[in-house]
Amino acid sequence: MILTNSTGLAGVVAGETAISTVGKQGVGLTYRGYTIEDLAEHSTFEEVAWLLMHGELPTPSQRDQFLAKRIAQQRISDEMMSFLEQLPDTSHPMDVLRSGTSLLGCWEPEHSIDQQQRIAARLLAVFPSMICYWYRFVNDRFRIEIESEQTTVAGHFLQLLHSGAPSEVDRRALDVALILYAEHEFNASTFAARVTASTGSDLYSAICTGIGTLRGPLHGGANEASMKMISNFTDPEQAEQGVLRRLARHEKIMGFGHRVYKSTDPRSEIMKRWALTLCKQTRQLKTYAVAERIETVMQREKGLFPNLDFYSAVAFHCLGIPTALFTPLFVMARTAGWSAHVFEQRSNNRLIRPTANYIGPSQRPLVRPHQRT
Ligand SMILES: CC(=O)SCCNC(=O)CCNC(=O)[C@H](O)C(C)(C)COP(=O)(O)OP(=O)(O)OC[C@H]1O[C@@H](n2cnc3c(N)ncnc32)[C@H](O)[C@@H]1OP(=O)(O)O
Ligand SMILES: O=C([O-])CC(=O)C(=O)O
């Protein structure tokens with residue numbers, strides 16, 4: 001038996017994957033052999049989702065069919081709308097997505113593994129509709145039309161959120177963020193989803209597992225937490241003092257550090273450029289300056305670099321996206337990666353069930369209730 005005392009399974013190889021490489025020798029990211037830089041420059045989120053779930057980039061006709069299917073599958077039923085309207089206004093949008101996924105699993109269950117690609121595509125198409133319908137109902141008391149002429153997830157999401165077609169720059173900025181968020185090897189939520197899949201469970205359950213695991217601030221919740229922190233500061237000097245005070249209290253600064261990358265997160269460099277473009281466009285250069293100063297202070301004081309969540313938060317903010325919807329955007333993208341991992345797990349499955357090193361009391365006689373003090 002192999003025993004590891006690595007807390008958090010750091011550095012432990014927990015399986016094999018052909019989907020992505022993260023930080024080989026501490027740097028770089030590829031999806032199915034393509035670098036993240038090439039994909040972010042020349043591809044689209046829908047092509048990347050196809051690549052992850054099918055293993056190869058789509059041909060032009062496969063891509064067009066996938067886009068057409070996305071439009072056909074973005075609808076939500078009257079029952080779903082009525083369910084969303086009944087949720088408490090105070091619900092966290094991640095809880096809304098997790099519950100919506102569960103319900104969809106009741107209404108459109110996965111009866112056999114042949115349906116897995118169709119269900120994954122349906123989830124990718126329906127999440128923007130689900131979250132925007134709920135968000136606009138709760139905040140504006142307005143029942144939005146779910147149909148839009150947008151062919152992409154990014155365009156559809158922005159159109160439903162803002163009740164108007166996004167500019168091409170805005171749509172592409174979100175599209176690139178979705179590409180960068182789509183997949184990341186055995187991160188916590190993907191690994192959790194694979195554990196669920198390994199028991200022979202259905203795809204909806206694995207996605208619910210992923211959403212629940214992603215929600216925490218040490219993982220996907222960090223983009224929301226980053227923005228809340230950035231918003232506290234009105235200028236770079238105030239940001240520097242604020243971060244120094246937090247570090248002195250041994251607090252973590254959300255959006256910094258990574259388990260696998262050692263010197264930089266390659267996705268952050270791409271997202272930082274988009275954040276600058278969007279901050280210029282919306283005249284929010286002060287927000288960008290605050291973010292850059294936090295980056296400088298973290299590098300100087302802790303030798304830590306921003307991860308994807310940090311500048312994504314700045315970019316999403318400039319796109320007019322409410323902070324509470326930042327982590328749901330991560331879900332919309334990572335559903336492609338989670339699904340690809342579930343398919344891969346299923347294709348060569350063995351129950352994932354490690355063992356624990358027992359550190360509790362040694363065997364002892366039962367103390368009867370009247371003897372307990
Ligand atoms: C897309 C994503 O999900 S990326 C991750 C998003 N999460 C975050 O941004 C949350 C903030 N970051 C962190 O909490 C961590 O860096 C993690 C969870 C990402 C990685 O954690 P681990 O590999 O377990 O590193 P760990 O938390 O043990 O940190 C190692 C040391 O660096 C410090 N450190 C790590 N990240 C940070 C941070 N963001 N702020 C301040 N200190 C930090 C820790 O305090 C610890 O210091 P110590 O050795 O003096 O106690
Ligand atoms: O890989 C990780 O641990 C976290 C991460 O960056 C991701 O899931 O995108």
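We count ligands from 1, going down the list as the structure has it; atoms in each ligand are counted the same way.
- In this structure, Ala10 does not count as a contact residue of ligand 1, since none of its heavy atoms falls inside 4.0 Å of the ligand.
- Contacts of Phe310 with ligand 1, taken as heavy-atom pairs under 4.0 Å, are absent altogether.
- A salt bridge is absent between Glu183 and Arg32: the closest approach of a Lys/Arg side-chain nitrogen to an acidic carboxylate oxygen does not fall below 4.0 angstrom.
- Residue Met298 places no N or O, backbone or side chain, under 3.5 Å from any N or O of ligand 1.
- Residue His219 has at least one heavy-atom neighbour below 4.0 Å for each of these atoms of ligand 1: 3 (O), 6 (C), 7 (N).
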Under the side chain to side chain donor-acceptor pair (under 3.5 Å) criterion, do Arg122 and Gln73 qualify, and how do the steps go? CA-CA 6 Å; Arg122 168 84 166 125; Gln73 293 189 323; over 6 Å; no
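- Between Arg267 and ligand 1, a contact under 3.5 Å exists for no N or O pair.
- Annotation for ligand 1: atoms under 4.0 Å from non-hydrogen atoms of Gly255 are 8 (C), 9 (O).
- Classified by interplanar angle (parallel below 30°, tilted 30° to 60°, perpendicular above 60°), the ring pair Phe256/Phe310 is tilted.
- Listed by number with element, the atoms of ligand 1 under 4.0 angstrom from any heavy atom of Ala222 are 6 (C), 7 (N), 8 (C), 9 (O).
- At a heavy-atom cutoff of 4.0 Å, ligand 1 is contacted by the backbone of Pro217 but not by its side chain.
- Ligand 1 is never approached by Ala225 to a heavy-atom distance shorter than 4.0 Å.
- Looking only at protein heavy atoms, the nearest one to atom 7 (N) of ligand 1 is Leu218 O, 2.8 Å.
- Listed by chain and number, the residues in a side chain to side chain contact (heavy atoms under 4.5 Å, CB included) with Ser61 are Thr59, Gln65 (sequence neighbours excluded).
- Scanning the protein heavy atoms around atom 1 (C) of ligand 1, the nearest turns out to be Asp309 OD2, 3.4 Å.
- A donor-acceptor contact closer than 3.5 angstrom is absent between the side chains of Tyr311 and Glu269.
- Annotation: Glu251 places no N or O atom under 3.5 Å from an N or O atom of ligand 1; distance criterion only.
- Considering backbone and side-chain N/O atoms, Leu247 never comes within less than 3.5 Å of an N/O atom of ligand 1.
- Using the six-membered ring where Trp is involved, His258 and His184 have ring planes that are perpendicular, over 60° apart on the 30 and 60° scheme.
- Below 3.5 Å of separation, one finds an N or O of Lys252 facing an N or O of ligand 1.
- Salt-bridge annotation for Glu147 and Arg75: absent, with no side-chain N of the basic residue lying under 4.0 Å from a carboxylate O of the acidic one.
- No option in Arg171, Gln150, Glu145 other than Gln150 meets the side-chain hydrogen bond (donor to acceptor under 3.5 Å, both in side chains) test with Gln159.
- Heavy-atom contacts from other residues, nucleotides or ligands closer than 6.0 Å to CD of Gln371 number more than 12.
- Side-chain atoms of Thr30 and Thr21 form a donor-acceptor pair, as typed in the model, at a separation below 3.5 Å.
- In terms of protein heavy-atom proximity, atom 12 (N) of ligand 1 is nearest to Phe256 O, 2.8 Å.
- Under 4.0 Å from any atom of ligand 2, one finds heavy atoms of residues His184, Asn187, His219, His258, Arg267, Phe330, Arg334.
- Close contacts of ligand 1 with Met254, meaning ligand atoms under 4.0 Å from a residue heavy atom, involve 9 (O), 10 (C), 11 (C).
- The shortest contact between atom 40 (N) of ligand 1 and any protein heavy atom is with Ile253 N, 2.9 Å.
- Taking the centre and axis of the six-membered ring of Phe66, the NZ or CZ atom of Arg70 falls outside the cone set by 45° and 6.0 Å.
- At a 3.5 angstrom cut-off on N or O pairs, Leu304 does not count as close to ligand 1.
- Summarising the local packing, CD of Glu168 is surrounded by more than 12 heavy atoms from other residues, nucleotides or ligands at distances under 6.0 Å.
- Using a 4.0 angstrom heavy-atom cutoff, Tyr181 does not count as in contact with ligand 1.
- Counting the atoms of ligand 1 from 1 in the order shown, those under 4.0 Å from a heavy atom of Gly257 are 16 (O), 19 (C).
- With a heavy-atom cut-off of 4.0 Å, His250 does not touch ligand 1 at all.
- Close approach to Arg259 involves these atoms of ligand 1, each under 4.0 Å from a residue heavy atom: 20 (C), 22 (P), 23 (O), 24 (O).
- Using a 3.5 Å distance cut-off with no hydrogens or angles, the side chains of Thr287 and His317 do not pair a donor with an acceptor.
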